[in-house]
2 protein chains.
Amino acid sequence: MTTVKTRGAPTLPVNSIIAGDCIEAMRALPDASVDLVFADPPYNLQLRGALHRPDNSLVDAVDDAWDAFDSFAAYDAFTRAWLTEARRLLKPGGALWVIGSYHNVFRLGAELQNQGFWILNDVVWRKSNPMPNFRGKRLANAHETLIWASRGQGAKYTFNYDALKALNEGVQMRSDWVLPICTGGEREKDESGQKAHPTQKPESLLHRVLVGTTNPGDVVLDPFFGTGTTGAVAKALGRDWIGIERDAGYRQVAERRIAKVRRYDAEALRVSTSKRAEPRVAFGVLVERGMLRPGEELLSTNGRHRAKVRADGTLAGPDVTGSIHQVGAHLEGAPSCNGWTYWQFKRDGVCVPIDLLRQQIRAEMQAG
Amino acid sequence: MTTVKTRGAPTLPVNSIIAGDCIEAMRALPDASVDLVFADPPYNLQLRGALHRPDNSLVDAVDDAWDAFDSFAAYDAFTRAWLTEARRLLKPGGALWVIGSYHNVFRLGAELQNQGFWILNDVVWRKSNPMPNFRGKRLANAHETLIWASRGQGAKYTFNYDALKALNEGVQMRSDWVLPICTGGEREKDESGQKAHPTQKPESLLHRVLVGTTNPGDVVLDPFFGTGTTGAVAKALGRDWIGIERDAGYRQVAERRIAKVRRYDAEALRVSTSKRAEPRVAFGVLVERGMLRPGEELLSTNGRHRAKVRADGTLAGPDVTGSIHQVGAHLEGAPSCNGWTYWQFKRDGVCVPIDLLRQQIRAEMQAG
DNA sequence: TTCGGTTATGAATCGGACC
DNA sequence: TGGTCCGATTCATAACCGA
């Protein structure tokens, strides 16, 4: 186990499983210390008993046994408690994922919103091999729902758009994910060869979550660790992880499982990066360096407009002056314009996009 | 308009649109009088500024006053009121469908449960042609959620298992439905040729709901009638319907629309059985599913080139990074390359084409 | 008339760095 | 912390238009 010092005590028990109740365990961890929470809370809503009185009023909460939720009120109280702690533990730019089925996910989502979390997407895990509905009384329950939320409206969050787009054959990732359930060799077994956990999640699901919404080195907390799928995938992907699990049997399976995981090498962990992350280049630098001469004429990509380069890196169009972006937007009557991809210059009679010059400068910056 | 006598007064204004607020209008209807409620309530989207597409065109947002609520509390109070009336109107063996997005559906589901409704399934409408996420800041919101609930635990409900199975090419219907959004000729227009309603639902969605969970002659109530999709499909399928709509313009469009609908004869109830092309598989899926490990080396079929798999499903070659197709094309100096047939991996000393893994996944998808 | 290229559009909680 | 301005970003489908 590693511990990471945060501002003041206590320390963060990274890459280890904390034994105990998730709410108490979270209370012992420091504010603003984790980048992501992934939670697969229990939803064994055992509602056979008297949930409602004859007049339909709700029966009072029973809050003495967390593992058997005798009423929606009890489940809501539990949800409120662990979400409150999770929100406290999240860094300002952190985010939370939670997964559930129709039994509990509506209560989870409503409570998330009540606490000020800001829902970014709900995601449907569409199971490619679900259990059929044997009695033919309902639709085959072939999906589960995940909710992805930032700490609050306007809060920052990590989203590796280009990595997910690459994972999806070059088309932007959608909110419906088709993945198989966890079976076969991936399914953890106990000593007697039985499945160790009733609802083990597939590693493919965590892979997509972690690649898409964390970076290497981030700290991922799973307060309902179970047999440690989150930890196994986090370790392989070079993320730090913290698990909380009450059941000693699950902890043992998870420890053994994660110990066997090897971290992928650094090159494999690098993902497609966004252009947004690349260093900014001022257009004026091209003029300073003599790549473009003051007075030189630029042409718009569509061939309809011209403008002249000025010594200070602005452009002079027919009736407007300003940055490459401003002049482009004005000439097109558009709300905005990316001047880098809009303008071209001529060399030896050939039109060349000015963005090529920016790429040259960026390459030099890399080398330098 | 037809009226149907129920036990005592008042009578049921079947196959007509009631003008006015849905809560008040429902209060005037008799207890236990309808077989199904289908509700498409306001989503409370909470949109902020204007949104432009990358081509600078403006997205026509849902900014109607009827969709805006001051707070979650206000939205919840509204939800509670109309659900209470809906439950009162349902016959003991009746059921309710409600549709929403992540903005409101968690609040809907929680309130349903609080009132004693019994959720039978949540159903995901996976849109085959959703609006993309133009800024690349989140996942494309490609689905909406429906909740199907009976009046209470243990209550009877109608479920036409075999009809839905037939609709699904002989396989048990699942909880995820892939249907296109409402566009083209199906979209109702106003006098000026503009879309008459910002959120018109596709008839295919209502078709599936009504075929699956009502019988001919049943009474279907839609308290948020809009331009009358529920009425149009109900009439075609030989179900009675009641619409409630506040907006006179929407009512007018709905009246005109439904008047043109003819009830299907058996022959017209055809199901399109167009064979789909082979489903596209993203290379990244092989990585997510652990069929290939990040860092694993692929060999070209001709044995001349090698590249390493990365966590996001891209390849890293000696001097190039990109999709399996891009890297293959670059290494061969070719304009294009089918990466699926170009690359192989090693298992137990044997070279295996990656296309074999794709075939495995396709087989799963067929089965699912 | 057919074919191919272009344009339009859909329930969307859709910046952020820097001064 | 508020204002300024750079500059990144889209998929499926149908209608439309010109040859």
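Predicted model only: the values in this text are computed from it and were never measured. Here is the naming used below: chain letters follow the sequence lines, and residue numbers restart at 1 for every chain.
- Contacts of I119(A) with the nucleic acid, taken as non-hydrogen atoms under 4.0 Å apart, include base atoms.
- Each of L36(A), V37(A), D31(A) was checked for a side chain to side chain contact (heavy atoms under 4.5 Å, CB included) with L90(A), and the lone residue meeting it is V37(A).
- H143(A) and D122(B) are linked by a side-chain donor-acceptor pair at a separation below 3.5 angstrom, with hydrogens and angles left out of the test.
- Listed candidates were dC14(C), dA8(D), dT10(D). Nearest to the side chain of Q172(A) is dT10(D).
- In this entry dC14(C) has no Watson-Crick or G-U wobble partner, no candidate having both defining distances under 3.5 Å.
- In this model, a donor atom of one side chain and an acceptor atom of the other lie less than 3.5 Å apart for N104(B) and Y75(B).
- Contact annotation for P180(B): no contact, since no heavy-atom pair falls under 4.0 Å across all strands.
- D60(B) comes within 4.0 angstrom of sugar-phosphate atoms only, judged by non-hydrogen atoms across all strands, and of no base.
- Across the C1' atoms, dC17(D) and dT1(C) are found 14 Å apart, a figure rounded to whole Å.
- In this structure, the nucleotide among dA8(D), dA11(C), dG7(D) sitting nearest to the side chain of E144(B) is dA11(C).
- Residue R135(B) places its side chain closer to dG15(C) than to any other of dA11(C), dT10(D), dG15(C).
- With hydrogens and angles ignored, a donor-acceptor pair closer than 3.5 Å exists between the side chain of S336(A) and the base of dA8(D).
- Rounded to the nearest Å, the gap between the C1' atom of dA11(C) and that of dA15(D) is 23 Å.
- Rounded to a whole Å, the CZ atom of F69(B) is 14 Å from the C1' atom of dA11(C).
- Here G49(B) lies in heavy-atom contact (under 4.0 Å) with a base.
- Nucleic acid contact class of N141(B) (heavy atoms, under 4.0 Å, all strands): sugar-phosphate only.
- Atom NE2 in H143(B) sits roughly 15 Å away from atom P in dA11(C) (whole-Å rounding).
- Residue R187(B) is classed as a sugar-phosphate contact, given heavy-atom separations below 4.0 Å to backbone atoms only.
- A sub-4.0 Å separation between OP1 or OP2 of dT10(D) and a side-chain N or O of K165(A) is present.
- Counting only heavy atoms from C-beta on, R280(A) has its side chain closest to dG15(C) among dC14(C), dA11(C), dG15(C).
- Judged by distance alone with a 3.5 Å cut-off, no donor-acceptor contact links the side chain of K137(B) to the base of dA12(C).
- As judged by a 4.0 angstrom heavy-atom cut-off over every strand, D40(B) is placed among the base-contacting residues.
- Within 4.0 Å of P202(B), counting heavy atoms only, lies no atom of the nucleic acid at all.
- Counting to the nearest Å, the C1' atom of dT10(D) and the CG atom of N129(B) are 14 Å from each other.
- Separating the NE2 atom of H52(B) from the P atom of dA8(D) is a distance of 18 Å, rounded to the nearest angstrom.
- If you find the closest nucleotide of DNA chain C to T183(B) and to P132(B), the one lying nearer the 5' end belongs to T183(B).
- Contacts of K195(B) with the nucleic acid, taken as non-hydrogen atoms under 4.0 Å apart, involve only primed sugar atoms and P, OP1 or OP2.
- For dC6(D), the OP1/OP2 oxygens have no side-chain nitrogen or oxygen of Y342(A) closer than 4.0 Å.
- Regarding contacts with the backbone of dG7(D), a side-chain N or O of H325(A) is found under 4.0 angstrom from either OP1 or OP2.
- Using a 4.0 Å cut-off between charged side-chain N and carboxylate O, R306(A) and E297(A) make a salt bridge.
- dA17(C) and dT9(D): their P atoms are spaced 15 Å apart (whole Å).
- Note on R138(B): every side-chain N or O is 4.0 Å or more away from OP1 and OP2 of dT9(D).
- By the 4.0 Å N-to-carboxylate-O rule, E245(B) lies too far from R251(B) to be salt-bridged with it.
- Across all strands, K201(B) comes closer than 4.0 Å to base atoms (heavy-atom distances).
- Spacing between atom NZ of K189(B) and atom C1' of dT9(C) amounts to 11 Å, rounded to whole angstrom units.
- Checking I244(B), V98(B), D21(B) one by one against W82(B), the side chain to side chain contact (heavy atoms under 4.5 Å, CB included) holds for a single residue, V98(B).
- Regarding H103(B), its NE2 atom lies at a distance of 8 Å from the P atom of dC14(C), rounded to whole Å.
- Checking dC3(C) for Watson-Crick or G-U wobble geometry (two distances, each under 3.5 Å) identifies dG18(D) as its partner.
- For W340(A), the listed nucleotide lying nearest its side chain is dG7(D); candidates were dG7(D), dA11(C), dT9(C).
- Between dC6(D), dT9(D), dG10(C), one nucleotide has an atom nearer to the side chain of R276(A) than all others, and that is dT9(D).
- Counting any heavy atom pair closer than 4.0 Å across all strands shown, Q326(A) reaches sugar-phosphate atoms only and no base atom.
- In this structure, R174(A) atom CZ and dT10(D) atom C1' are separated by 13 Å, rounded to whole Å.
- Spacing between dC6(D) and dA12(C) at atom P, rounded to whole Å, works out to 30 Å.
- Residue C337(A) is in base contact, counting any heavy-atom pair closer than 4.0 Å across all strands shown.
- With hydrogens and angles left out, the side-chain atoms of D35(A) and T214(A) include no donor and acceptor closer than 3.5 Å.
- Of the two residues near DNA chain C, K156(A) and A61(B), the one whose nearest nucleotide lies more 5' is A61(B).
- Shown here, dT10(D) forms no base pair; nothing in the strands shown gives a Watson-Crick or G-U wobble contact with both key distances under 3.5 Å.
- Ring-plane geometry between F159(A) and W148(A) is classed as tilted, the angle between the planes lying from 30 to 60 degrees on a 0 to 90 degree scale.
- For R53(B) against dG10(C), a side-chain-to-base donor-acceptor contact under 3.5 Å is present.
- To the nearest angstrom, C1' of dC14(C) lies 12 Å from CH2 of W118(A).
- Base pairing analysis places dC19(C) opposite dG2(D); the two distances defining the Watson-Crick or G-U wobble pair are each below 3.5 Å.
- A salt bridge links D76(B) and R107(B); the closest N-O separation between the charged side-chain nitrogens and carboxylate oxygens is under 4.0 Å.
- Nucleic acid contact for S101(B): none, since no nucleic acid atom lies under 4.0 Å from a heavy atom of the residue.
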